[in-house]
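Residue indices begin at 1 and follow the sequence shown.
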Amino acid sequence: MNNNNDKIRIIPLGGVQEIGMNMTVIEYGNELLIVDCGFMFPRYHMLGIDYVIPDTSYLEDKNIIGLILTHGHEDHIGAIPHFLRKFPDIPIYGSRLTLAFLRAKLNDYKNEYKDTKLYEVEPRNKIQLGMNFGIEFIRVNHSIPDGVGIAITTPLGVIIHTGDFKIDLNPTTDKFIDLYKFAEYGENGVLLMLADSTNCQRDGFSMSESVVQNNMTPLFAYEDGMIIVAVFASSIERIQDLVTAAKVNNKFVAFSGRSLIKFTKIAQDMGYLNLYDIVIPIDKINKYPREKIVCITTGTQGEPYSSLSLIAAEAHKHIKVEDGDMVIFSSSVIPGNEMAVTRMINNLFDLGAKMVGEDKKLLHVSGHASSEDLKLMYRLVKPKYFIPIHGEKRHLITHIKLVENLNGLDTKGFLLYNGDVLEIDETLEAKITDPIDIRNIYVDGKGVGDLEESIFYDREQLSLNGVVVANVVAKKNAAGQYDIKVDLESKGFTYTGGEKERIINKTEQLREEGINSAIEAVRKLLNRNKRTPSTIKYEVREALRKKFIQIIGREPVIFVCLYMDHVYIEQAHSSNDENNNNNVDKNNIEIENNNDEEKEKCHTKKKKRIKKTVMKKNTSQIKRLKSKKKKAAKES
């Protein structure tokens, strides 16, 4: 039997098959190391979700020796508060700015994380974690300062994790990627490399951050209105470019967005950002000439309550767009957010804004490696094996093809998705083994992990078709007949307000015909002495569904609430014949709507046959019981 103690196991818990939620597990022996712990913004179909975090159930009861952070973006640190609730004693290692951003995030939870173990490291620092992992941190360039790659020395060989990186030979600071250290490890031999895939489909080298600075400065000479610039809140180097361009053009800067204000204050206090004393409070911008104002905002992805979205919806408290104002997007759109961003841009155009950023001017450069960056990294590191990480499936597959087509490079790639496991044994042979069970953990308000994928179908149906609630009341009158009343309430299905009389009349007609069809369905059942609540609710729902499709061609989600006298209650059968036949409740019973799937399916043909069989059996039992009583009476 193979001994797992002599194997390296690589298990991505997130970040492979999506953009975001980066988290990778590296195991050797009984020790487990984690790299990054981020969240993912919800995709277009995840209605109502705040964000998605990795499933850490595999880590339970494991010997976790540390969590290492490559940089301070949310897709790499955003899930740590949830992680620490399950694993509060795990030490966390990161660079200076990365840990500063993490502390700010943890402080939002008051004193819950005051005892968290945070250890600051610098590039080229070496630490030993456990018995099997020696760690060295390697500086990389990214769209945030203090990004690092990681060299992990194990008993079987060295593993390089690049983190998010690009090769910027002319950055806006004097801190550039440590190619010397990557090459040094390559000369000594690297067993495995995990490399950034986000931009592998782009040709050439990624552009330098200095290009943005050179293009932004003349653009800020604009004098026909206010300038509004949207950026990622944690893109400190980009924010520095914008502030410097404003300074050169004798303009003032105002920040809008809670996270932006928080991160810029941290960066300024730590010496990563120079604001030149030109920053003014956002509520004071009306006291300055409009053409002298540069507003730096969040909202590059069209998030509903972000600063730029509020501006576009004319709902921002302090910033109002006027004709001639210039709006600049200094960012790229994350896949899945295209519709929200397009809607926001259209609203800004409608307000009279002059939009800049869509016409391919170099106002944003990526912080991720393009194809030539990756080729150079592989030439330097020369790994025996590699795993593409940080990307959707198309990025990962392209990454593998890119590297395997490099002449003279003897390396083998493995395509892993979330939960897949790569094992490297003591002979240095690598293979993909059985995956672990894993799922997305959805954060919705205070709920964490209490939703499944099926909830999105229900929410989509409600959003697409609306909902109708039918309140059905059936009471017996003095003559012993049922008086049936049905009331319909709807949301998102038909027009219910305003002054459009023609539409209101049509809606009333639809409502009346729906009510009549529901009453007719109930009456038919009662005339046949069918008083089972689930049967009545099903037939009402079907009658309404068919009527709505017939008249308007739409099928809303329909709920039925039932209140009636002398309702037939289904009960479990016992061996006592008399108990089996005690099915009539003499009291008024209110039957609340129940969404349980089993009740929804109670009208399958199979269950109908079972119900008929039970009813026949009960009837025959009653007849036999009456016959026995008559016979006993005669004999007595």
Which heavy atom in [X] sits nearest to a heavy atom in [Y], and how many Å separate them?
X	Y	value
V540	A470	CG1-CB, 4.4 Å
L544	S517	CD2-OG, 4.1 Å
T298	G257	OG1-CA, 3.9 Å
G413	I400	C-CD1, 4.3 Å

Inset, instruction - For residues H399 and H390, establish whether the separation of their ring centroids is below 6.0 Å. - result: no
Is [Y] close to [X] at the side-chain level, that is, under 4.5 Å between some pair of heavy atoms?
X	Y	result
T198	H395	no
D75	D164	yes
T24	I387	no
I345	F329	yes

Inset, instruction - Look only at the side chain of Q550 and the backbone of R545, and say whether a donor-acceptor pair between them is shorter than 3.5 Å. - result: no
Legend entry - Geometric class of the F83/F87 ring pair [parallel <30°, tilted 30-60°, perpendicular >60°]: tilted
Inset, instruction - Name all residues meeting the ring-ring contact (aromatic ring centres under 6.0 Å, His included) criterion together with H82; count only those two or more places apart in sequence or in a different chain, and write none if there are none. - result: Y51
Inset, instruction - Output every pair passing salt bridge (charged side-chain N to carboxylate O under 4.0 Å, His left out) with a member in residues 13-22, not counting sequence neighbours, ordered by first then second residue. - result: none
Legend entry - Presence of salt bridge, E423 and R9, under 4.0 angstrom: yes
Donor-acceptor pairs under 3.5 Å, side chain of residues 519-529 to any protein atom, not counting sequence neighbours: which ones?
residue: N527; atom: ND2; partner: R523; partner atom: O; Å: 3.3
residue: N529; atom: OD1; partner: R531; partner atom: NE; Å: 3.2
residue: N529; atom: OD1; partner: R531; partner atom: NH2; Å: 3.4

